[in-house]
Amino acid sequence: MSIAIRRARPDEAELILSFIRELADYEKLSHEVEATEAMISEALFVANPRLFCEIAEWNGEAAGFAVWFANFSTFSGRHGIYLEDLFVRPAYRGKGLGKALLVRLAAICLENGWSRLQWAVLDWNTPSVEFYKSLGAVMMDDWTLCRVTGPALQRLAGQGA
């Protein structure tokens, strides 16, 4: 049994979108998925991408993914990675694929001299919270994630009602 982590290829936008939809279904957020295959392709596979995707394979079969981008810490004065999505298909869980994806992202941080790897996790997702803690992740309970979307985003930009 073997695990391989590799960068996503341009012909895999459909696969990546399927992972996104499976993750959204797991998180009970399917109604929020607006992405299309073309949008994923345009974000990941351009000349100077700002979004990246690692694919986890189990015995040569795509089993999970991690979508990430570089962020920046003004406090450390260095970049880091923000992990947008991490997902392993249920049939492949418990085989070390999630850990292998996070190990690869940590290595990318170190290879680039970056200071941190961070992400958000739904508070009800106890298996994931416990998994992340086992890897040394610290839950930052004193921070609250903020988001502005839709009509509120338009109003904030001065372009809406």
Side-chain angles (χ1 to χ4, degrees), residues 1-30 32-73 76-140 143 145 147:
M1 305 300 162
S2 69
I3 296 173
I5 306 298
R6 61 170 178 77
R7 185 63 46 93
R9 298 183 304 257
D11 65 336
E12 294 180 310
E14 181 180 3
L15 170 67
I16 294 163
L17 184 58
S18 73
F19 282 138
I20 292 166
R21 288 181 175 143
E22 290 174 58
L23 172 61
D25 186 52
Y26 173 75
E27 293 182 341
K28 300 168 183 57
L29 296 170
S30 295
E32 291 191 18
V33 177
E34 298 176 14
T36 65
E37 193 176 323
M39 293 163 83
I40 297 302
S41 190
E42 289 169 20
L44 288 169
F45 307 116
V46 294
N48 294 302
R50 291 183 283 174
L51 185 70
F52 305 91
C53 181
E54 311 303 316
I55 300 291
E57 293 181 334
W58 178 256
N59 293 330
E61 223 174 292
F65 81 138
V67 174
W68 62 275
F69 54 90
N71 62 9
F72 188 82
S73 167
S76 75
R78 293 181 288 165
H79 284 91
I81 285 179
Y82 186 84
L83 174 60
E84 179 66 22
D85 287 326
L86 175 75
F87 178 74
V88 175
R89 288 182 165 148
Y92 298 97
R93 292 184 187 152
K95 300 180 185 304
L97 293 161
K99 181 177 181 181
L101 284 163
L102 289 168
V103 165
R104 179 64 194 128
L105 296 182
I108 291 169
C109 283
L110 295 179
E111 289 164 9
N112 288 288
W114 295 349
S115 63
R116 66 183 175 195
L117 168 58
Q118 73 184 77
W119 63 92
V121 60
L122 292 166
D123 58 4
W124 59 259
N125 192 346
T126 305
S128 293
V129 169
E130 294 307 315
F131 168 64
Y132 296 144
K133 284 181 179 178
S134 78
L135 298 177
V138 175
M139 301 299 120
M140 301 185 65
W143 289 83
L145 186 64
R147 179 180 294 166

> So which atom in V46 and which in P49 form the shortest heavy-atom distance, rounded to 0.1 Å?
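Closest approach of V46 to P49, heavy atoms only: O-CD, 3.3 Å.
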> Just so I know, are the side chains of I20 and F65 near enough to count as touching, which here means a heavy-atom distance under 4.5 Å?
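I20 reaches F65 side chain to side chain.
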> Are the side chains of R50 and F69 in contact, using a 4.5 Å heavy-atom criterion?
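Heavy-atom side-chain distance check fails, nothing below 4.5 Å.
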> Please determine whether the number of non-hydrogen atoms from other residues, nucleotides or ligands lying under 6.0 Å from atom CH2 of W124 exceeds 12.
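More than 12 within 6.0 Å, yes.
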> Roughly how far apart are L105 CG and F52 CZ, rounded to 0.5 Å?
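Here the interatomic distance stands at 11.5 Å.
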> Partners of E27 by side-chain hydrogen bond (donor to acceptor under 3.5 Å, both in side chains), sequence neighbours excluded?
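With neighbours one apart ignored, the set is empty.
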> With sequence neighbours excluded, what pairs up with R6 under the side-chain contact (heavy atoms from CB on, under 4.5 Å) test?
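By the side-chain contact (heavy atoms from CB on, under 4.5 Å) rule, R6 matches R9, E12, I55, E57.
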> Quick one, Y132 and L86 - any side-chain contact, counting heavy atoms below 4.5 Å?
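Yes; the side chains approach each other to less than 4.5 Å.
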> Could you state the interatomic distance from CD1 (I16) to CZ (R21), rounded to the nearest 0.5 Å?
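One gets 12.5 Å once the value is rounded to the nearest 0.5 Å.
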> If you apply the rule side chain to side chain contact (heavy atoms under 4.5 Å, CB included), what do you find for L117 with I108, and how did you get there?
CA-CA 10 Å; L117 168 58; I108 291 169; over 6 Å; no
> Can you name the side-chain hydrogen bond (donor to acceptor under 3.5 Å, both in side chains) partners of S73, sequence neighbours left out?
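Partners of S73 under the side-chain hydrogen bond (donor to acceptor under 3.5 Å, both in side chains) test: S76.
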> Mind checking side-chain hydrogen bond (donor to acceptor under 3.5 Å, both in side chains) for R104 and listing every partner two or more places apart, or none if nothing turns up?
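In terms of side-chain hydrogen bond (donor to acceptor under 3.5 Å, both in side chains), with neighbours along the sequence ignored, R104 is linked to E111.
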> Report yes if some heavy atom in the side chain of L83 is under 4.5 Å from a heavy atom in the side chain of L102; otherwise report no.
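With C-beta onward as the side chain, the pair touches.
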> Over all heavy atoms of both residues, which pair between L145 and A120 is shortest? Give the atoms and the distance, please.
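Heavy atoms of L145 and A120 come nearest at CD2-CB, 4.4 Å.
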> Under 3.5 Å, which donor-acceptor pairs do the side chains of residues 90-101 form with other protein atoms, sequence neighbours left out?
from, atom 1, to, atom 2, distance (Å)
Y92, OH, E61, OE2, 2.8
R93, NE, V88, O, 2.7
R93, NH2, V88, O, 3.0

> Determine the minimum heavy-atom distance between R89 and A62, stating which atoms define it.
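Heavy-atom minimum between the residues: NH1-O, 3.4 Å.
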> Measure the CG-OG distance between L17 and S41 for me, rounded to the nearest 0.5 Å.
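Between L17 CG and S41 OG, I get 11.0 Å after rounding to 0.5 Å.
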> Looking at residues at least two apart in the chain, or sitting in another chain, which of them share a side-chain hydrogen bond (donor to acceptor under 3.5 Å, both in side chains) with D85?
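For D85 there are no side-chain hydrogen bond (donor to acceptor under 3.5 Å, both in side chains) partners, ignoring immediate neighbours.
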> How long is the span from the OH atom in Y82 to the CG atom in N71, to the nearest 0.5 Å?
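Here the interatomic distance stands at 9.0 Å.
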> Check E34 against M39 and note the closest heavy-atom contact, atom names and distance.
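Where E34 meets M39 most closely, the heavy atoms are O-SD, 3.9 Å.
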> Using a 6.0 Å cut-off, check whether atom CD of E32 has over 12 heavy atoms from anything other than its own residue.
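Counting other residues, nucleotides and ligands, CD of E32 exceeds 12 neighbours.
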> Check for a donor-acceptor pair, side chain of S18 on one end and backbone N or O of L15 on the other, with a separation under 3.5 Å.
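Checked: pair present.
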> Does D25 reach the side chain of S30, with side-chain heavy atoms less than 4.5 Å apart?
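They are in side-chain contact.
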> Is any side-chain heavy atom of I3 less than 4.5 Å from a side-chain heavy atom of W58?
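Yes, close enough: below the 4.5 Å cut-off.
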> Kindly compute the distance separating CD (Q118) from SG (C109), expressed to the nearest 0.5 Å.
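Separation between the atoms: 9.5 Å.
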> Would you check if D123 and V129 make a side-chain contact, meaning some heavy-atom pair closer than 4.5 Å?
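Side chain of D123 against side chain of V129, heavy atoms only: no contact under 4.5 Å found.
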> Nearest 0.5 angstrom please: W68 CH2 to E84 CD, how far?
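It comes to 13.5 Å.
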> What heavy-atom pair brings W114 and A70 nearest, and what distance separates the two atoms?
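So the minimum-distance heavy-atom pair works out to CH2-CB, 4.1 Å.
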